[in-house]
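One structure below.
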There are 2 protein chains.
Amino acid sequence: MTKVKDTLREHDLRNTSCREDVLAILTQNNAALSHGEIERELDNRFDRVTIYRTLKTFVDKGIIHKVLDEEGLRYAVCKDQCSGSRHHHDHLHFKCTVCGLTNCIENITIPPIQLPAGYKSIETNLLIQGVCPLCNSDN
Amino acid sequence: MTKVKDTLREHDLRNTSCREDVLAILTQNNAALSHGEIERELDNRFDRVTIYRTLKTFVDKGIIHKVLDEEGLRYAVCKDQCSGSRHHHDHLHFKCTVCGLTNCIENITIPPIQLPAGYKSIETNLLIQGVCPLCNSDN
DNA sequence: CCAATATTTGCATCCCTGTTGCACTTAGCG
DNA sequence: CGCTAAGTGCAACAGGGATGCAAATATTGG
């Protein structure tokens with residue numbers, strides 16, 4: 001919990017209970033969470049708009065990143081590689097079609113893609129859908 | 001335009017003016033379009049809900065596919081590789097951060113990703129953001 | 001520890017997307 | 001041409017995202 005406060009301080013953000021709680025929830029959670037899921041976890045203790053603005057602030061500061069799938073937008077904390085000023089922009093996410101959870105896959109680098117001439121790549125975002133180890137009966 | 005009618009017929013869809021027009025717009029357009037953009041192009045000649053249902057039908061039939069970026073959902077027609085029953089699920093999309101257009105990149109296959117043990121991949125979706133040839137002043 | 005100030009929050013309000021139910025219309029068939 | 005299943009429009013709702021403004025609060029300097 002002190003870690004949460006530190007993270008906020010490091011990014012020049014005032015230490016408020018909404019920010020603390022949102023960041024704590026995202027940190028404790030492995031899977032990416034949607035705005036609505038976070039709102040429910042907070043048990044309506046904060047206004048919808050406040051949570052929305054909190055998430056936006058965190059994204060802007062590089063504390064969390066957006067995760068996209070066909071059902072919408074989710075948020076997850078950036079792992080070690082993103083800490084500090086070296087926020088990297090290549091994310092690999094895995095969405096399990098059975099349990100519905102979306103997770104960041106660490107330790108796997110996305111192989112470089114050879115784009116046609118003239119294209120300049122800035123950020124790469126890879127979403128793989130399939131079955132996660134916990135839901136995979138083939139084990 | 002006959003081609004549009006044929007496509008509908010091939011997929012056991014009745015030939016209605018809304019479907020014709022939506023499919024024609026998507027076919028003529030290189031970039032992926034959002035629901036709202038399609039609605040505007042149709043000049044309010046069809047109900048919002050009808051367009052929504054038309055798009056859903058096309059996605060279900062494999063005529064078009066969803067394209068995701070951080071701004072939301074767009075739709076684009078499936079190219080040759082997707083035709084008929086052999087609808088493939090690996091898509092590479094490029095979103096230009098200058099002009100804002102999102103396009104499918106054809107002829108480039110996504111290199112296979114070695115996932116950790118237990119993960120089973122079904123569908124891969126790659127979004128690369130950057131600058132497209134038309135907006136790239138380095139040429 | 002307190003006051004000043006700049007930030008953050010809650011509320012009201014708005015717009016857009018996605019979705020469903022139901023009645024009406026129409027395409028495509030015999 | 002008429003039937004029937006499919007498609008459409010309308011009403012209505014839920015949810016996400018966004019902004020303006022007044023009230024509350026965290027930080028800073030005294």
Side-chain angles (χ1 to χ4, degrees), chain A residues 1-2 4-24 26 32-61 63-76 100 102, chain B residues 1-2 4-24 26 32-61 63-76 100 102:
Chain A
M1 189 52 68
T2 314
V4 167
K5 287 187 203 292
D6 288 348
T7 306
L8 292 175
R9 184 88 19 109
E10 279 167 27
H11 291 87
D12 297 311
L13 292 174
R14 289 197 180 176
N15 192 328
T16 68
S17 55
C18 180
R19 287 181 179 163
E20 272 183 43
D21 291 3
V22 170
L23 190 49
L26 284 170
L33 298 175
S34 69
H35 185 161
E37 287 163 341
I38 294 169
E39 201 177 341
R40 252 163 271 134
E41 287 238 27
L42 287 169
D43 218 19
N44 293 319
R45 286 188 293 114
F46 301 99
D47 192 80
R48 221 170 53 79
V49 179
T50 302
I51 299 171
Y52 162 71
R53 281 193 275 229
T54 298
L55 291 170
K56 190 177 168 58
T57 302
F58 287 172
V59 170
D60 289 347
K61 292 285 182 177
I63 301 174
I64 64 177
H65 62 270
K66 294 181 178 181
V67 182
L68 290 155
D69 66 37
E70 305 207 348
E71 282 155 46
L73 200 49
R74 278 167 222 279
Y75 300 90
T102 302
Chain B
M1 188 54 68
T2 314
V4 166
K5 287 186 203 291
D6 290 347
T7 306
L8 292 175
R9 183 93 18 109
E10 280 167 27
H11 290 87
D12 297 311
L13 294 174
R14 288 195 182 177
N15 191 328
T16 67
S17 53
C18 179
R19 287 180 178 163
E20 273 183 42
D21 291 3
V22 168
L23 190 48
L26 284 170
L33 298 175
S34 69
H35 185 160
E37 286 164 341
I38 294 169
E39 200 178 343
R40 252 163 271 136
E41 289 237 28
L42 287 171
D43 219 20
N44 293 319
R45 286 188 293 113
F46 302 100
D47 191 79
R48 224 169 51 78
V49 179
T50 303
I51 299 171
Y52 164 71
R53 281 193 273 226
T54 299
L55 291 171
K56 189 176 170 59
T57 302
F58 287 172
V59 170
D60 289 346
K61 293 285 184 179
I63 301 174
I64 64 177
H65 62 269
K66 294 182 179 182
V67 182
L68 290 157
D69 66 35
E70 305 208 347
E71 282 154 47
L73 201 48
R74 278 167 222 281
Y75 301 89
T102 302

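Letters A, B, ... mirror the listed sequences (proteins, then strands); counts begin at 1.
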Minimum heavy-atom distance between Arg48(B) and Glu39(B), given as atom pair plus value: CG-OE2, 3.2 Å
How close do Tyr75(A) and Lys66(A) get, heavy atom to heavy atom, and via which atoms? CE2-CG, 3.9 Å
dT9(C) phosphate, OP1 or OP2, under 4.0 Å from Thr16(A) side-chain N/O: yes
Is the phosphate of dG18(C), meaning OP1 or OP2, less than 4.0 Å from a side-chain N or O of His35(B)? yes
Calculate the interatomic distance between [X] atom [atom1] and [N] atom [atom2]; express it in whole Å.
X: Ile51(B); N: dG7(D); atom1: CD1; atom2: P; value: 16 Å
X: Asp21(A); N: dT8(C); atom1: CG; atom2: P; value: 16 Å
X: Asp47(A); N: dT7(C); atom1: CG; atom2: P; value: 21 Å
X: Phe46(A); N: dA24(D); atom1: CZ; atom2: P; value: 17 Å
X: Arg19(A); N: dA26(D); atom1: CZ; atom2: P; value: 11 Å
X: Tyr75(A); N: dG16(D); atom1: OH; atom2: P; value: 10 Å
X: Glu20(A); N: dT8(C); atom1: CD; atom2: P; value: 14 Å
X: Glu39(A); N: dA14(D); atom1: CD; atom2: P; value: 14 Å

Let's see if you can work this out: which of dT8(D), dG28(C), dA11(D) has an atom nearest to the side-chain heavy atoms of Cys18(B)? dT8(D)
Could you please name the option among dG28(C), dG10(C), dT8(D) that lies closest to any side-chain atom of Thr50(B)? dT8(D)
Of all residues at least two apart in sequence or in a different chain, which pass the salt bridge (Lys or Arg N to Asp or Glu O under 4.0 Å) check with Glu41(B)? none
Do the side chain of Arg53(A) and the base of dG10(C) come within less than 3.5 angstrom through a donor-acceptor pair of N or O atoms? yes
Under the 3.5 Å rule, do the base of dG10(C) and the side chain of Arg48(A) count as making a donor-acceptor pair? no
With nearest nucleotide decided by heavy atoms, which residue, Leu13(B) or Lys56(A), maps closer to the 5′ end of DNA chain D? Leu13(B)
Leu23(B) and its side chain to side chain contact (heavy atoms under 4.5 Å, CB included) partner, picked from Leu8(B), Leu13(B), Thr54(B): Leu8(B)
Mapping Asn15(B) and Ser34(B) onto DNA chain C by nearest heavy atom, which one lands closer to the 5' end? Ser34(B)
Side chain to side chain contact (heavy atoms under 4.5 Å, CB included) assessment of Leu73(A) paired with Leu68(A): CA-CA 5 Å; Leu73(A) 200 49; Leu68(A) 290 155; 3.6 Å; yes
Using a 4.0 Å heavy-atom cut-off, does Gly36(A) contact any base of the nucleic acid, only the sugar-phosphate backbone, or nothing at all? sugar-phosphate
